[in-house]
Number of protein chains: 2
Amino acid sequence: MDIKVVRQILEWNEDCSNEIKESLNRNKVCLINVMGSPGAGKTSLIIELIKKLKDKYNIAVVEGDIAGQIDAEKIDSLGISVVQLNTEGACHIEALSIRNILGYFDLEEIDIIFIENIGNLVCPAEFELGEDLKVAILSIPEGDDKTIKYPLLFSKADAVVLNKYDMMDYFEFGDEKVEKHLKTINSEAKIFRVSSKTGEGLNLLLNFIEDKVKTKLK
Amino acid sequence: MDIKVVRQILEWNEDCSNEIKESLNRNKVCLINVMGSPGAGKTSLIIELIKKLKDKYNIAVVEGDIAGQIDAEKIDSLGISVVQLNTEGACHIEALSIRNILGYFDLEEIDIIFIENIGNLVCPAEFELGEDLKVAILSIPEGDDKTIKYPLLFSKADAVVLNKYDMMDYFEFGDEKVEKHLKTINSEAKIFRVSSKTGEGLNLLLNFIEDKVKTKLK
Ligand SMILES: Nc1nc2c(ncn2[C@@H]2O[C@H](COP(=O)(O)OP(=O)(O)OP(=O)(O)O)[C@@H](O)[C@H]2O)c(=O)[nH]1
Ligand SMILES: Nc1nc2c(ncn2[C@@H]2O[C@H](COP(=O)(O)OP(=O)(O)OP(=O)(O)O)[C@@H](O)[C@H]2O)c(=O)[nH]1
Ligand SMILES: [Mg+2]
Ligand SMILES: [Mg+2]
Ligand SMILES: [Zn+2]
Ligand SMILES: [Zn+2]
């Protein structure tokens, strides 16, 4: 007799994530997963990066949201292909959704895909999406103890962006405290002080991302 | 033969939530569940409320966090009984945890228990904890589209607190836009403009909470 095996959600997620990786490697596409709290500045940062990158690269975006398409409309107005993924209540994006969405894009033409994950410091970090880069945003008004209280995402990030850095004078935020703690949970992560409003600090992050993109497209 | 029935997590949660309600009604304790994004100001608000309420009422706190006990230490330093609940990765608090924690408190002596839920706009709203009041915090730096993108919590809240209201001059936040949208998803919720830093607007929220507490203690 055949016994039906229902696999653990995370194991199944890993398979999908591996399929995504193969497909992106074959097509030379760099996938960047942007995560952070609600309102940390995921959309604002992606928009600023797109403005600087779009003359050199073909870019597409997957916008994850529980509901609505506010952020997808903002991306669309830049003339960039975007798919709105509504999770209808789910607190994170799974690889299966990304694998299905890749079918909407012409991967041979695309160089970079940004994923804006659901605003959540907890669950998105558990789901590998086959990405080349994990960018974790922590915004100054959230406070400097977030890497301690919500460690998983920050421990897996390739880049940690301290966004809304233009607000440093208005909050008691110890950016060196964050840097020091981050080193204890993630010795590899690069930290960037950025304002998506004024553009401050954006170039360093841009260089970091372009290095990764160039390696992938080679 | 006996068939073991494993019930849905939400159904089991409802049973626990009902047990909590009975126990709190019997002991005349008012339970307040405070929810919001990471860093929205849950701890800051709870601390300001405690300062104003602690001479009149016996108060206890349950601090929910993925990891660490930073917030519990802050509450403890006010001389308030506090239990730190570490969810070890889970993105929300379930009623079972609260039911078990109630055993640590002398419910006959206590008037008010605050729960600080995990910083998350998504999942905590799905889990009833037997509470008398759901307080949802939205902080100004998060942006004025959060009730649209993360509707569930705001649709269930009794009070929506626009916290960090002292930051209104620094962000383009349409508070009337939020109020208008909130009415379409929750006609009952009261909205409060508060700064947990300057104390602005705290008294109106305090009156609202005290009304509820007094009814419960009668
Ligand atoms: N001062 C300042 N405000 C910023 C910055 N980046 C974003 N904001 C503001 O922060 C709010 C949220 O920005 P979004 O880019 O929508 O944040 P998000 O993470 O995409 O939010 P969700 O998708 O709703 O979870 C908006 O009011 C932005 O204008 C920044 O660097 N500085
Ligand atoms: N300007 C201003 N800052 C505030 C206000 N309330 C809280 N903060 C700041 O916001 C940051 C986060 O505040 P917390 O009270 O720790 O927020 P929280 O929601 O408990 O955060 P987590 O428990 O880590 O999810 C801290 O730096 C606070 O000082 C406010 O009303 N105005
Ligand atoms: Mg966004
Ligand atoms: Mg807190
Ligand atoms: Zn979750
Ligand atoms: Zn969740």
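In the text below, chain A, chain B and the rest are named by the order of the sequence lines, each starting its count at 1. Everything numeric in this text was worked out from a predicted model, so none of it was measured.
- With a 4.5 angstrom heavy-atom cutoff, B:Ile118 touches chain A via backbone and side-chain atoms both.
- Of the listed residues (B:Ile70, B:Asn86, B:Asp65), the greatest number of heavy-atom pairs within a distance under 4.5 Å of chain A belongs to B:Ile70.
- Of all residues spanning residues 140-169 of chain B, those with a heavy atom less than 4.5 Å away from chain A's heavy atoms are B:Pro141, B:Glu142, B:Asp145, B:Lys146, B:Ile148, B:Lys149, B:Tyr150, B:Pro151, B:Lys164, B:Met167, arranged by number.
- Enclosure of atom NZ in B:Lys74 by more than 12 non-hydrogen atoms of other residues, nucleotides or ligands within 6.0 angstrom is indicated.
- Of residues 179-189 of chain B, no residue lies under 4.5 Å from chain A by any heavy-atom pair.
- Contacts between residues 119-136 of chain A and chain B, counted as heavy-atom pairs separated by less than 4.5 Å, involve A:Gly119, A:Asn120, A:Leu121, A:Val122, A:Cys123, A:Glu126.
- For residues 41-50 of chain B, every residue pair satisfying the salt bridge (charged side-chain N to carboxylate O under 4.0 Å, His left out) rule, not counting sequence neighbours, is listed here: B:Glu48-B:Lys51.
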